[in-house]
Amino acid sequence: MNDRVARLREATIETKPWLSIERASLLTDFYRQDKTVSIPIQRARAFAHLMERKAIYIGPDELIVGERGPAPKGSPTFPELCCHSEEDLEVLDSREKISYCVDEEACRIQREEVIPYWKGRSMRDLIFDQMTPEWKDAYQAGLFTEFMEQRAPGHTVLGDIIYRKGLLDLKREIREALDRLDFFADPEVCSKRDELIAMDIAAGAVIRFAERHAERAEELAATETRPERRRELEKIASVCRHVPARAPRDFWEALQAYWFTHLGVVTELNTWDSFNPGRFDQHLYPFYVQGMQDGTLTRDFAKELLECLWVKFNNQPAPPKVGVTAAESGTYTDFANINNGGLKPDGADGVNDVTYLILDVIDEMHLLQPSSNLQLSKRNPDAFLHRGLEIVRQGWGQPSIFNADMVVEELLRQGKSIEDARCGGTSGCVEVGAFGKEAYILTGYFNLPKVLEITLHNGADPRTGKKIGLETGDLRTFSTYDELFAAFRRQLHHFVDIKIRGNNVIERLYARYMPAPFLSLLIDDCIAKGRDYNDGGPRYNSTYIMGVAPASCADSLSALKYHVFDRRDLPMAEILDSVAADFAGHEKTRLVLSNRTPKFGNDDDYADAITVSVYNAFFDEINGRPNTKGGLYRVNYLSTTCHVYFGSVTGAMPDGRRAWQPLADGISPAQGADRYGPAAVIRSAGKIDQARTGGTLLNQKFTPKLLETDGGLNKVAQLVRSYFRMDGHHIQFNVVTAATLRAAQAEPEKYRDLIVRVAGYSDYFCDLTRALQDEIIARTEHESFAPAMSEPARV
Amino acid sequence: MSKIVYNFISAMSFPEQGVDLAAPNRSAAGGRLGLIFDVMRFSLHDGPGIRTTVFLKGCPLRCWWCHNPESQRRAPELLQFTDRCTLCGDCVAACPYGALHIENGALVSDPSLCRTSGECVQACAVEARRMAGRWVSVEEILAELARDQIFFDESGGGVTLSGGEPLMQPAFAERLLAELHARRIHTVLDTCGFASPQLLRRVSPNVDLFHYDLKLMDSAKHEFYTGVKNSLILSNLELLAELGSAVIVRMPIVPGINDAGEDVAAASAFLRDLRLTNVDLLPYHRIGGDKYSRLHREYRLPDLAPPSAEHMESIAARLRADGFTVRVGGIS
């Protein structure tokens, strides 16, 4: 990287995240005075109010401009979604991990202006007000989490619209849609009219936001003494005058058009997973080729511009979360996950020169955000995978690797057209979506082992003693495994019902009270339908529930089946007593359960068949249920950091796991359960019908030794290709030694830049909680085996 | 230790005619069963691509530096992980032959009573006991190996037979190699070369690549450090060269034993005559040292340090200068 980028990079790494009260304050001012009746139009006016008044920041050295807060690393708050209490702000400021500096002035404004207006009006308050006692019991017990209690539905990715059309073009389309409205026969015509008017206002708001940057750049240029920087500022002004009002004409304008669009989406609402340019290499490629051909662009300058944009992503920490939502994804990272490679709309190999350029950028920048992935199709060259693994080898967790052909298959199964599927990809951690055309809303993690735990206790949560589930019977009276599994199924049905009932209410609350007209502009077919993103406007509308720790659940079922019903070497009563006591006084039972039980991840058909039955149960329970937006429920399997939180509310289990310890992450084997290396893990994972998911996450940890030679790298590449031939969805690698991680625990100040793969994203190791750090260390390390006998794992 | 080696060697002529010392009755039927002590998947150092290595138990050599001592005897053996043992006594209770007892805070096994039937392994919840060696039919092991077909196909990998010495179980190894070859699975045979030439000639069409150990050119030293003379080993390598088999010669480099200039020069001259050009240098390592104590055996090189990377590289450079293609560690 050049000096400019090095300075920008240094600054973004060194600056500590801080809480900006600007947005909350402006928004509260607006709502106190505004009398608009139509909610979408009011939301759009509020958005325009923000974009007209928020501070404009153009930093020294910058080529790509615009911040979500008033300056880098300043995170706004969204009191209309979640109004932080004063105590929340204290916690945010003082907590050890993922803290945000909160100054006294911010506290004062929050106390005197924001809280008095928003208390009782925020979505969080509305949601908790409308949930049933059963929902609250299950939520508090840690059966599931609720994504929308602090952040808005997001989970979408931009398609190619902004590279083809300016916001002025979209305003014209809105006008045409308004002209087509049928005031004689359409009962929804007024809500469509309001929504379209709102979209029009929102488009104008972002055009204005760009103009304000142009004005600021011109002011700076007028007083700039260095001719070179003056020329840059003049160019910035000209770019901001053109995009995103009009379609970009060159590479620089394309990047800036994306960035203003991004800022618009994440300022309008605090959407989950932020926002994401998706198939960036394909969108940028025509601009790159044109610039190279007409001599206005060099590869180095294209790289510099991209790196300036990368810094922009990294300047935006995720807005602060508290409570359970902080526990389920405790990170500054906002999951803007850029897709590289994959397929073109016609099914051809999508890897191009910009793909490799972006991989070079990722390699040089080593930043948490944006995160990045390879969309690896059987049609992509091995060189592409090899280049990605060269970056993986450095051990900071990026990029992760997805099976692009599987992503297409999963989307097709859900009913997308083949072109829409090929233009799709993955976002967040591992979630599939038709980019630019789909709202695929993740609604919460679902604790599968906890369902089993409640089954073991005949409907009671042993942590609290409270009866929150069904009385499915005393396990001591069961004479077959089938009886046990049927009880688990009934319990699962019970809690899925509670979750979905809550989801549907929350979905309606957002549809009604929290439309997102700017986001709606960008996603087909919201304009054509005159419907909001949060109310079924997109072409596709999917709702997801994420199954957590299927492996822990299956291992526990396997232990019960194997020892109680098949081998009959441990009575049910002994297992129940031992987990009730957290194995105190039952150490031998724990050892037998831990070490003498078939477990997922060993290519053991006994354990893997049980695992598949857990996946099937979860799928059958959820997939295909209707949501409230004309779409269907789907399942996927990722856990972010939620397997640690869910573990902390789940007692000892029959797989030998002690109480409150982390559960298995993603679809990975439980920590230490896999003993035969990566081939066996991959074979086990390959038995899951991943086409019936909307994404799975498989973690593998390698020591650096395995990847240090080209030969070793090739073998890992072949391992990835093999997994994808078995229709695996995703795999990612952590390449660090346990010794390094322990050293970082001991002396965090020396390892501030140590980035590790956590779940579907990477994070600074030292920012993780101790429990999560320990869990990462405990994940099975697949050593590069010397040709010697493998040994049983240490107990 | 040396007594055992002596007895063992004197009990056999060529492995092909060797008796199965401890095979159960079901092994008698024409090599339908083989004794293996491990199957390692995703093994990276045993040939091209992603491989699954089958370790056959039993070896005619007793190399001082052997890192797989549990591979040597041609019978199942119990490995004991003393550091994990909690002295709970479950194995003592489980043993039908009374071969185990706890004495002065230690678990003691009476070899004269132990029939390596494995009840103690099943009983041990902390996995402090492990059985090295299980009898499998060719069909059983093929079914296990078939699980990795996609890895083989995707990587150009396959199956490696290692050991021990696979050719110590001639009928089993021969059939397994033929079946793998018929399934178009790439085969590597790791061999010490101490086997009947007729057998070698018969298996060679079904072996895609030989990993052929060359330990010492000096026959007296060879006998001292491995228990056998090297004449058969050298003549068998000549045979493979003559047959045109694909061979990578693997030279363990053990400091002070076979790493001197004259050792390397002699090997180089011999191999050049045979026009064998691929050499892997395998640096001695101590990973296997612990295993000796688990088998209650003595490790004869307890203080030997592994060769330095520089030393390995100097030997490699020397051989490259002689025209060989050399890999250190056996992986490129």
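The figures here come from the full heavy-atom set of this structure, side chains too, leaving out hydrogens, waters and symmetry mates. A, B, ... follow the sequence lines: proteins, then strands. Residue 1 opens every chain.
Not counting sequence neighbours, A:R379 has no partner by the salt bridge (charged side-chain N to carboxylate O under 4.0 Å, His left out) test. Residues satisfying the salt bridge (charged side-chain N to carboxylate O under 4.0 Å, His left out) test with A:D577, not counting sequence neighbours, are A:R476.
Of the residues considered (B:S162, B:P48, B:C124), B:C124 shows the highest number of contacts with chain A, using heavy-atom pairs under 4.5 Å.
In this structure, the portion of A:R596 lying under 4.5 Å from any heavy atom of chain B is its side chain and not its backbone. For a residue to count as touching a neighbouring chain, one of its non-hydrogen atoms must lie under 4.5 Å from one of that chain's; by this rule A:L593 does not touch chain B. Proximity to chain A is limited to the side chain of B:D90, based on heavy atoms less than 4.5 angstrom apart.
A salt bridge is defined here as a Lys NZ or Arg NE, NH1 or NH2 lying under 4.0 Å from an Asp or Glu carboxylate O, and B:R297 with B:E77 meets this definition. Under 4.0 Å is where a charged nitrogen must lie from a carboxylate oxygen, and between B:K215 and B:D213 at least one such pair does.
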